[in-house]
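Along the sequence shown, residues are numbered consecutively beginning with 1.
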Amino acid sequence: MDASRNSLVMPLLGLLVEQPAHAYDLTARLQSRYTHLRVTHSTVTTLLKSMERAGTVTPRAPAQVEGRPPRTAYELTGAGVADLSRRVEAGLRDARPASIDFVLAVSYAGLLAAGQVAAILQTRLDRLAGEAVRYEGADGIPEVYMLETDYWRAVLTAEMEWIRRLTARIRSHDIL
């Protein structure tokens, strides 16, 4: 399995930035923190093995905790930290509007330098403004047949306004 394309990889790497953990702990924390994601223990275990093969995580020696069977905790490698940073940057810049990939990138934006985040979000804002122009009118087509354009225009407008507010807060050092 190629873990690089699974949307759970970024939050797994992000949780491992916080502290090394075993698959059961990671599964519980993902389920608790990201209720909008479908998370199973078997998926987490499979992804951890794939990430280990890719060199982004490394296993610790199995340890017994609270009388339970020994469990293998994983920790990030330097390559894992770099991979997470690349994923966050790419998600902030390139993810589709209103997508889970953008939401996950936002959740780990604090790992990047504030100025970098502001610049990436400005690039995203410029791109979204260009996309919004595509939804400005459907020449000669009755509105009832083009309701999705109004929806997407509203989604893009809301995301652009949110990015403007967040970028202003970053630049004023109110956040990040």
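R38 CZ: 12 or fewer foreign heavy atoms inside a 6.0 Å radius. More than 12 heavy-atom neighbours from other residues, nucleotides or ligands sit within 6.0 angstrom of NE2 on H36.
For the atom pair E161 CD and L166 CG, the distance stands at 11.5 Å (nearest 0.5 Å). Interatomic distance, I163 CD1 to R165 CZ, rounded to the nearest 0.5 Å: 10.5 Å. From T56, atom OG1 reaches atom OH of Y74 across 11.0 Å, with rounding to the nearest 0.5 Å. The structure places OG1 of T58 at 11.0 Å from CG of L16, a figure rounded to the nearest 0.5 Å. A distance of 10.5 Å separates CG of L104 from CG of L12, quoted to the nearest 0.5 Å. One finds the CG atom of L125 at 15.0 Å from the CZ atom of R93 (value rounded to the nearest 0.5 Å).
Judged by distance alone, the side chain of R71 and the main-chain N or O of A21 form no donor-acceptor pair under 3.5 Å. Panel note: side chain S50, backbone T46; no donor-acceptor pair is recorded below 3.5 Å. A donor-acceptor pair is defined here as one N or O able to donate and one able to accept, closer than 3.5 Å; such a pair exists between the side chain of S172 and the backbone of A168.
Annotation for V155 and A98: closest pair CG1-CB, 3.7 Å, computed over non-hydrogen atoms. What you find for T45 and A23 is that their closest heavy atoms are OG1-CB, 3.6 Å. Closest non-hydrogen pair, P62 versus T72, comes out as CG-OG1, 3.5 Å. For the residue pair M160 and A132, the shortest heavy atom distance occurs at CE-CB, 4.2 Å. Considering every non-hydrogen atom in both L37 and P11, the closest pair reads CD1-CG, 4.2 Å. Closest approach of P97 to E131, counting heavy atoms only: CG-OE1, 3.8 Å.
Between F102 and W162, the two ring planes are perpendicular [angle over 60°; tilted spans 30° to 60°].
Listed by first then second residue, pairs satisfying side-chain hydrogen bond (donor to acceptor under 3.5 Å, both in side chains) with a partner in residues 9-19 read E18-R29, E18-R33, not counting sequence neighbours. Under the salt bridge (charged side-chain N to carboxylate O under 4.0 Å, His left out) criterion, the residue pairs touching residues 167-176 are R169-D174, with sequence neighbours excluded.
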task: Give the intermediate values and the outcome of salt bridge (Lys or Arg N to Asp or Glu O under 4.0 Å) for residues R86 and E89.
output: CA-CA 5 Å; R86 280 190 302 275; E89 184 176 337; over 6 Å; no

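Grouping the Ile, Leu, Val, Met, Phe, Trp and Tyr side chains by contacts below 4.5 angstrom, directly or via other members, places L13 apart from Y24.
Considering only heavy atoms from C-beta on, L84 comes within 4.5 Å of M10 through its side chain. The closest side-chain heavy-atom distance from L112 to L92 is below 4.5 Å.
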